[in-house]
Amino acid sequence: MAVVNRLLRSTATPFSYTVSRIFYSTTSETDFRSLSSISHSSLHVPRDPKDRNVQWVFLGCPGVGKGTYASRLSTLLGVPHIATGDLVREELASKGPLASQLSEIVNQGKLVSDEIIINLLSKRLEAGESKGETGFILDGFPRTIRQAEILEGVTEIDLVVNLKLQEEALLAKCLGRRICSECGGNYNVACIDIKGKNGSPGMYMAPLLPPPHCASKLITRADDTEVVVKERLRVYNEKSLPVEEFYRSRGKLLEFELPGGIPESWPKLLQALNLDDHEDKQSAAA
């Protein structure tokens with residue numbers, strides 16, 4: 001645990017700022033009243049953005065799009081995007097000592113143990129630290145109260161973004177995921193068209209199709225079966241929903257309901273994060 005304490009330590013003395021100052025905006029105070037799920041209490045962030053970069057967490061069910069939006073924000077803000085799911089897949093591919101144990105856990109749709117995740121995350125943070133990285137956007141961690149408590153004990157989290165999507169759309173997205181076996185590109189063949197019911201808005205998400213040279217090389221992840229996906233969603237709801245309340249009670253949770261695919265959701269997410277004035281940078285994250 002000493003390794004985790006050293007690697008996750010905060011690099012600046014925290015100061016209390018209001019929610020709208022997280023994003024270092026020089027504009028007028030943002031009206032967050034419409035975002036009823038985020039507390040109006042103060043958050044702890046550095047005095048000056050030069051002290052360190054943002055330290056954010058992305059929560060959300062498997063398949064909701066945490067990686068997509070966290071990666072875009074990583075490019076936009078110039079901070080590393082650290083996805084624990086990627087760390088697990090890299091360990092599986094390495095055929096290292098944990099590969100066999102991880103393979104069984106992942107294929108059954110279970111959550112990887114705290115010890116394994118913390119070990120993988122510690123190694124990633126240590127590698128980043130050696131390259132001079134500061135700040136981060138964590139994707140897939142923490143997933144349990146214990147992980148959240150460990151993280152809170154060793155560093156300051158500025159904001160937790162909780163992405164939400166209808167379960168029907170989540171299931172279709174997960175079953176439609178494809179990976180190019182040659183270049184590693186991620187695509188989705190599902191065309192999601194959900195009609196509105198009882199006053200609820202409908203949703204349309206176009207497929208993310210591969211370029212012609214990748215079309216014949218698409219493969220499906222071994223854990224993207226209906227049985228496993230439904231089990232992942234069940235486990236997530238059981239283990240991770242308390243994590244949402246953990247951060248909600250600390251005034252750090254921003255819940256964001258995805259209105260559709262990337263074209264509809266990305267601009268609205270930037271607006272919710274008070275980053276919609278970064279238009280000159282949006283193309284870099286597209």
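One-based numbering along the sequence shown. Since the model is a prediction, treat every value here as computed from it, not as a measurement. Scope of the values below: all heavy atoms of this structure, side chains included, with no hydrogens, waters or symmetry mates.
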Would you tabulate the side-chain donor-acceptor contacts of residues 182-194 under 3.5 Å, counting partners in other chains and residues two or more places apart, or write 'none'?
| from | atom 1 | to | atom 2 | distance (Å) |
| --- | --- | --- | --- | --- |
| N188 | OD1 | A190 | N | 3.0 |
| N188 | ND2 | K173 | O | 2.8 |
| D193 | OD2 | K195 | NZ | 3.3 |

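Within 6.0 Å of CD on E115 lie more than 12 heavy atoms contributed by other residues, nucleotides or ligands. Other residues, nucleotides and ligands place no more than 12 heavy atoms under 6.0 Å from the CD atom of E168.
Side-chain atoms of I105 and V88, non-hydrogen and from C-beta on, never get closer than 4.5 Å to each other. Considering only heavy atoms from C-beta on, K268 comes within 4.5 Å of P259 through its side chain. A 4.5 Å side-chain heavy-atom check between V79 and W56 finds every atom pair outside the cut-off. For the pair R177/R221, a side-chain contact is recorded, criterion being any heavy-atom separation below 4.5 Å from C-beta on. Using a 4.5 Å heavy-atom cutoff, the side chains of H81 and F58 are not in contact. F136 has its side chain within reach of T155: a pair of non-hydrogen atoms, C-beta onward, lies under 4.5 Å apart. For the pair C61/N237, a side-chain contact is recorded, criterion being any heavy-atom separation below 4.5 Å from C-beta on. Contact check for L73 versus L76: side-chain heavy atoms found under the 4.5 Å cut-off.
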(Q) Run the side chain to side chain contact (heavy atoms under 4.5 Å, CB included) test on I219 and R178 for me, step by step, so that the C-alpha distance in whole Å, both residues' side-chain angles and the decisive distance to 0.1 Å come before the verdict. (A) CA-CA 6 Å; I219 58 174; R178 300 291 186 272; over 6 Å; no

Q: Would you sort out whether R124 and E133 count as a side chain to side chain contact (heavy atoms under 4.5 Å, CB included), showing the intermediate values?
A: CA-CA 11 Å; R124 169 61 183 85; E133 290 180 352; 3.2 Å; yes

Q: List the steps and the verdict of side chain to side chain contact (heavy atoms under 4.5 Å, CB included) for L121 and I82.
A: CA-CA 8 Å; L121 181 58; I82 303 175; 3.7 Å; yes

Q: Could you please spell out the steps behind the side chain to side chain contact (heavy atoms under 4.5 Å, CB included) verdict for L151 and V57?
A: CA-CA 11 Å; L151 188 60; V57 166; 4.2 Å; yes

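N53 contributes a side-chain N or O that, together with a main-chain N or O of T134, makes up a donor-acceptor pair within less than 3.5 Å. Listed for the K66 side chain is no donor-acceptor partner under 3.5 Å among the backbone atoms of D139. Of the possible polar contacts, one joining the S94 side chain to the E91 backbone as a donor-acceptor pair under 3.5 Å is found.
In terms of hydrophobic clustering, with Ile, Leu, Val, Met, Phe, Trp and Tyr side chains grouped at heavy-atom distances under 4.5 Å, V228 and L175 are assigned to different clusters. The hydrophobic cluster containing L218 does not contain V229, counting ILVMFWY residues as joined when their side-chain heavy atoms lie under 4.5 angstrom apart, directly or transitively. The hydrophobic clustering, which links ILVMFWY residues whose side-chain heavy atoms are closer than 4.5 Å, places Y247 and I145 together. When hydrophobic clusters are built by joining Ile, Leu, Val, Met, Phe, Trp and Tyr residues whose side-chain heavy atoms come closer than 4.5 Å, directly or via intermediates, I157 is grouped together with I117. Criterion: ILVMFWY side-chain heavy atoms under 4.5 Å apart, direct or through other members. Under it, I262 and V161 are part of a common hydrophobic cluster.
In this structure, the separation between CD1 on I116 and CG on L98 is 5.5 Å, given to the nearest 0.5 Å. Taking CG of L170 as the start and CG of L233 as the end, the distance is 6.0 Å to the nearest 0.5 Å. Put simply, OG on S113 and CG on L102 are 8.0 Å apart, with the number rounded to the nearest 0.5 Å. Between the CZ atom of R143 and the CZ atom of F141 there is a distance of 11.0 Å, given to the nearest 0.5 Å. Atom CZ of residue R250 and atom CD of residue E245 lie 9.5 Å apart, to the nearest 0.5 angstrom. Interatomic distance, CG of L92 versus CD of Q101, reported as 10.5 Å (0.5 Å rounding).
Residues L87 and L120 come closest through the heavy atom pair CD1-O, 3.9 Å. Summarising the geometry of S265 relative to F256, their closest heavy-atom pair is O-CZ, 3.8 Å, with the distance given to 0.1 Å. Heavy-atom minimum distance, L163 versus V64: O-CG2, 3.8 Å. Heavy-atom minimum distance, P80 versus S74: C-OG, 3.9 Å.
In this structure, E167 does not pair ionically with K230, as no charged nitrogen and carboxylate oxygen lie closer than 4.0 Å. Between E126 and K123, no side-chain nitrogen of the basic residue sits less than 4.0 Å from a carboxylate oxygen of the acidic one, so the salt-bridge criterion is not met. A salt bridge links E244 with K164; the closest basic N to acidic carboxylate O contact falls under 4.0 Å. Comment: E149 does not engage R146 in a salt bridge, judged by the lack of any side-chain N to carboxylate O separation of less than 4.0 angstrom.
A cation-pi geometry, defined here as NZ or CZ lying under 6.0 Å from the six-membered ring centre and within 45° of its normal, does not hold between R232 and Y236.
Each of L241, V243, V235 was evaluated against K239; a single residue qualifies, V235, per the side-chain contact (heavy atoms from CB on, under 4.5 Å) test.
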